[in-house]
Amino acid sequence: MPWVKDTPSVATTGRTERIARQSRDENWKKPPRRIETSECITCDTCLRSCPSEFGAIFDDGLNVVIVPELCSGCPVCVMVCPVDCIYVDEEWTATEARMWDHIDVTVRGTA
């Protein structure tokens with residue numbers, strides 16, 4: 001598999017920069033993914049499987065969400081989802097400020 005969970009710090013730095021900018025990497029050609037919450041069983045398999053260089057999936061209360069600015073569109077989460085509730089999100093919208101605050105707290109809590 002081309003995405004490895006434990007990657008060099010260069011990849012982590014890229015994620016950190018995307019979080020700071022709150023924007024997607026301009027070189028990513030694939031659209032991000034999204035989780036259909038009405039179909040999701042909140043097993044967190046996608047969250048645990050998302051490559052660390054992206055780290056795009058977060059628990060948000062009762063839901064698991066993909067932050068499109070951090071999602072490269074790789075298929076890892078889709079491949080591990082037991083209920084097939086993850087889809088391509090061609091018409092994604094910017095992540096709201098409340099979620100960026102949650103990401104900031106979450107990232108600082110793991111550093």
Side-chain angles (χ1 to χ4, degrees):
M1 185 175 302
W3 299 283
V4 180
K5 201 70 170 138
D6 295 290
T7 57
S9 61
V10 172
T12 306
T13 301
R15 178 178 184 256
T16 302
E17 290 171 0
R18 289 189 301 277
I19 291 172
R21 286 190 326 257
Q22 297 182 2
S23 64
R24 293 186 89 223
D25 186 313
E26 61 190 31
N27 295 318
W28 290 344
K29 302 301 180 206
K30 294 180 181 180
R33 307 290 174 155
R34 70 174 176 80
I35 297 172
E36 180 57 51
T37 56
S38 66
E39 299 171 14
C40 179
I41 60 173
T42 320
C43 67
D44 287 350
T45 301
C46 58
L47 186 149
R48 291 187 311 274
S49 300
C50 184
S52 60
E53 64 263 33
F54 307 123
I57 305 176
F58 293 84
D59 278 320
D60 184 31
L62 298 176
N63 296 314
V64 180
V65 298
I66 297 175
V67 175
E69 291 88 348
L70 302 178
C71 177
S72 72
C74 85
V76 173
C77 60
V78 175
M79 294 185 310
V80 299
C81 180
V83 293
D84 297 324
C85 69
I86 303 174
Y87 302 92
V88 170
D89 192 2
E90 296 275 359
E91 298 176 11
W92 65 277
T93 58
T95 300
E96 60 190 47
R98 179 199 61 78
M99 189 64 194
W100 285 113
D101 291 342
H102 175 67
I103 291 166
D104 186 47
V105 169
T106 303
V107 170
R108 267 196 267 147
T110 60

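Just so it is clear, the structure is predicted and the values come from calculations on it, not from any experiment.
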Quick check: do Cys77 and Ser49 have side-chain heavy atoms less than 4.5 Å from each other? no
Can a donor-acceptor pair be found, under 3.5 Å and without considering hydrogens, that links the side chain of Arg48 to the backbone of Cys43? yes
Within residues 61-83 or reaching into it, pairs that qualify as ring pair (Phe, Tyr, Trp, His ring centres under 6.0 Å) - sequence neighbours excluded: none
Can you sort out the partners of Glu36 under side-chain hydrogen bond (donor to acceptor under 3.5 Å, both in side chains), two or more places apart, ordered by chain and number? Arg34, Ser38
I need the full list of salt bridge (charged side-chain N to carboxylate O under 4.0 Å, His left out) pairs touching residues 62-75, with sequence neighbours left out, sorted by first then second residue. none
Suppose the criterion is side chain to side chain donor-acceptor pair (under 3.5 Å): which pairs have a residue in residues 78-91, not counting sequence neighbours? Glu39-Tyr87
Those residues that, when tested against Trp28, pass ring pair (Phe, Tyr, Trp, His ring centres under 6.0 Å) (two or more places apart): Phe54
Just by distance, do the side chain of Asp25 and the backbone of Asn27 share a donor-acceptor pair under 3.5 Å? yes
Could you tell me if the side chain of Trp100 sits less than 4.5 Å from the side chain of Val67, heavy atoms only? yes
Would you say the side chain of Val65 lies within less than 4.5 Å of the side chain of Ile35, judging by non-hydrogen atoms? no
side-chain contact (heavy atoms from CB on, under 4.5 Å), that's the test. Do Ile19 and Val107 meet it? Break it down for me. CA-CA 9 Å; Ile19 291 172; Val107 170; 3.8 Å; yes
Using a 4.5 Å cut-off on heavy atoms from C-beta on, say whether the side chain of Lys30 contacts that of Cys74. no
Sequence neighbours left out, what passes side chain to side chain contact (heavy atoms under 4.5 Å, CB included) with Thr42? Give chain and number order. Cys40, Asp44, Val64
Using only atom types and a distance under 3.5 Å, with no angle test, would you say the side chain of His102 pairs donor to acceptor with the backbone of Ala97? no
Using modelled atom types only, decide if a donor and an acceptor are shared between the side chain of Arg15 and the backbone of Gly55 within a distance under 3.5 Å. yes
What's the spacing between Cys50 SG and Ile66 CD1 if we round to 0.5 Å? 7.5 Å
Roughly how far, to the nearest 0.5 Å, is the CD1 atom of Ile103 from the CZ atom of Phe58? 4.5 Å
By the rule that ILVMFWY residues connect when side-chain heavy atoms come within less than 4.5 angstrom, directly or transitively, which residues belong alongside Val83? Ile41
Taking all atoms of both residues into account, what is the closest heavy-atom pair of Arg24 and Arg18, and its distance? C-CD, 4.4 Å
Results of side-chain hydrogen bond (donor to acceptor under 3.5 Å, both in side chains) for Asp60 - residues two or more places apart only: Arg98
Does Leu70 share a hydrophobic cluster with Trp92, counting links as ILVMFWY side-chain heavy atoms below 4.5 Å and allowing steps through other members? no
What is the distance from atom CD1 of Ile86 to atom CE of Met79, rounded to the nearest 0.5 Å? 10.5 Å
Just so I know, are the side chains of Arg33 and Val78 near enough to count as touching, which here means a heavy-atom distance under 4.5 Å? yes
